[in-house]
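Heads up: the structure comes next, in structure tokens.
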Amino acid sequence: EEIVFDEESGKYSAKLIFENIDEDGEYYIFADKLGSSFSFKVDGTYYQDIYWDIVTKECEKIRSGNASLWETYCVLYSYERYKDVLYALKEDAPDVPDAVGSFISLTDFDSLAGTDAYVGISILAKFGYNYKALDEALAKECIQKAASMYKSISAISKENSLWNDGTVSDEKNASFLALAELYRTTATGAYSTEIVSMHDYLKS
């Protein structure tokens, strides 16, 4: 499309649509006035390869106990999203459930507090949800632990008026995440009721 100059920002811009590249390689875009773009690759598996490299390294950190709680949750979340697509196509895919299981065995969840405790609950609940088919007893144990932790920490939060100060915080966001994971995993009505009660906070 036509190159446009924006006087306020002092920048030129244009929209370019290209869809006929069918040969793998490294490309860049050049246009008068705009100059050259950074180079980029066109490759059928390029982004998948990057993904596997990241997940492999993260699983190594998780197994060694060097990954943060949030990193561990994100890898487990990614696994759940893509296990029926990417993981099903790769025979040597990183064993995320095994890595997270090792992390859980190395973590003292009872020592966690605040935001960390809620992320820990989210890990246990999501792990239990994804591990049912592999080891039902272990999955059930993790889900029960998550529920027990949430019951204890939510009581403390209510005493300290966590939800009544009108602010947005990482701890509140993590609390909602934990609650959502527990409700999804257990379908317990009490969790649903509590989620609905967060209506005003979720709009902020």
Side-chain angles (χ1 to χ4, degrees), residues 54-55 58-84 87 93-165 167-202 204:
I54 292 171
V55 173
E58 285 296 318
C59 280
E60 291 173 359
K61 286 178 65 178
I62 290 170
R63 279 196 180 88
S64 67
N66 292 322
S68 69
L69 289 160
W70 185 244
E71 283 177 308
T72 304
Y73 175 83
C74 289
V75 172
L76 187 56
Y77 174 85
S78 173
Y79 168 77
E80 184 180 300
R81 288 291 303 271
Y82 298 118
K83 66 181 179 181
D84 295 328
Y87 286 83
D95 192 340
V96 173
D98 181 70
V100 176
S102 297
F103 180 86
I104 288 173
S105 68
L106 293 170
T107 302
D108 179 9
F109 285 90
D110 291 326
S111 69
L112 301 178
T115 301
D116 285 347
Y118 286 122
V119 178
I121 291 166
S122 302
I123 291 171
L124 289 168
K126 186 173 282 295
F127 178 80
Y129 181 87
N130 285 279
Y131 214 67
K132 289 177 183 177
L134 299 173
D135 188 332
E136 187 174 357
L138 178 58
K140 185 177 180 180
E141 184 180 339
C142 289
I143 294 168
Q144 289 175 338
K145 179 64 177 176
S148 174
M149 284 179 64
Y150 185 80
K151 183 177 180 180
S152 297
I153 194 173
S154 63
I156 295 171
S157 297
K158 287 171 184 174
E159 285 180 11
N160 295 335
S161 302
L162 174 67
W163 294 99
N164 300 325
D165 61 7
T167 64
V168 176
S169 69
D170 289 342
E171 185 174 352
K172 289 179 183 177
N173 292 337
S175 172
F176 174 73
L177 177 65
L179 188 58
E181 290 290 0
L182 280 168
Y183 176 59
R184 177 172 179 261
T185 301
T186 66
T188 300
Y191 296 137
S192 173
T193 301
E194 196 168 344
I195 288 172
V196 172
S197 73
M198 295 179 181
H199 178 263
D200 290 339
Y201 173 74
L202 295 174
S204 60

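The figures here come from the full heavy-atom set of this structure, side chains too, leaving out hydrogens, waters and symmetry mates.
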Inset, instruction - With sequence neighbours left out, write down each residue that passes side chain to side chain contact (heavy atoms under 4.5 Å, CB included) with Leu138, or none if nothing qualifies. - result: Phe127, Tyr131, Asp135, Glu141, Cys142

Inset, instruction - For residues Lys132 and Gly128, report the shortest heavy-atom separation together with the two atoms involved. - result: CG-O, 3.1 Å

Legend entry - Non-hydrogen atoms of Ala146 and Ala125 that approach each other most closely: CB-N, 4.0 Å

Legend entry - Residue pairs, two or more places apart or on separate chains, that pass side chain to side chain donor-acceptor pair (under 3.5 Å) and touch residues 177-186: Tyr73-Glu181, Glu80-Arg184, Lys126-Glu181, Thr186-Thr188

Legend entry - Over all atoms of both residues, closest heavy-atom pair of Leu69 and Gly120: CD2-CA, 4.4 Å

Inset, instruction - Could you pull out all residues at least two apart from Thr107 that satisfy side chain to side chain contact (heavy atoms under 4.5 Å, CB included)? - result: Phe103, Phe109

Legend entry - Residues in side chain to side chain contact (heavy atoms under 4.5 Å, CB included) contact with Asp108, at least two apart in sequence or another chain: Asp110, Ser111

Legend entry - Straight-line distance of Leu182 CG to Tyr191 OH, nearest 0.5 Å: 4.5 Å

Inset, instruction - Could you tell me whether a side-chain N or O of Ser64 sits under 3.5 Å from a main-chain N or O of Glu60, the two making a donor and an acceptor? - result: yes

Inset, instruction - Begin with the C-alpha distance, continue with both residues' side-chain angles, and end with the deciding distance and a verdict on side chain to side chain contact (heavy atoms under 4.5 Å, CB included) for Trp70 and Asp116. - result: CA-CA 8 Å; Trp70 185 244; Asp116 285 347; over 6 Å; no

Legend entry - Gap between atom CG of Leu76 and atom CD of Glu58 - 0.5 Å precision: 12.5 Å

Inset, instruction - Without swapping roles, check the side chain of Ser197 against the backbone of Glu194 for a donor-acceptor pair under 3.5 Å. - result: yes

Inset, instruction - Report the distance from atom OH of Tyr118 to atom CD1 of Ile153, rounding to the nearest 0.5 Å. - result: 4.5 Å

Inset, instruction - Could you list all the salt bridge (Lys or Arg N to Asp or Glu O under 4.0 Å) pairs where at least one residue sits in residues 96-105, not counting sequence neighbours? - result: Arg63-Asp98

Legend entry - OH (Tyr87) with more than 12 external heavy atoms under 6.0 Å: yes

Inset, instruction - Answer yes or no: are there more than 12 heavy-atom neighbours, outside Lys140 itself, under 6.0 Å from its atom NZ? - result: no

Inset, instruction - State the CG-CE distance between Leu112 and Met149, to the nearest 0.5 angstrom. - result: 5.5 Å

Inset, instruction - Taking side chain to side chain contact (heavy atoms under 4.5 Å, CB included) as the test, write out the residues that go with Ala67, two or more places apart. - result: Lys61, Ile62, Glu71, Thr72

Legend entry - Smallest separation among heavy atoms of Val119 and Ala174, with atom names: CG2-CB, 4.2 Å

Legend entry - Approximate separation, where rounding is to 0.5 Å, of Ser148 OG and Leu124 CG: 10.5 Å

Inset, instruction - Starting from the C-alpha separation in whole Å, work towards a yes-or-no answer on side chain to side chain contact (heavy atoms under 4.5 Å, CB included) for Asn130 and Lys83. - result: CA-CA 10 Å; Asn130 285 279; Lys83 66 181 179 181; 2.9 Å; yes

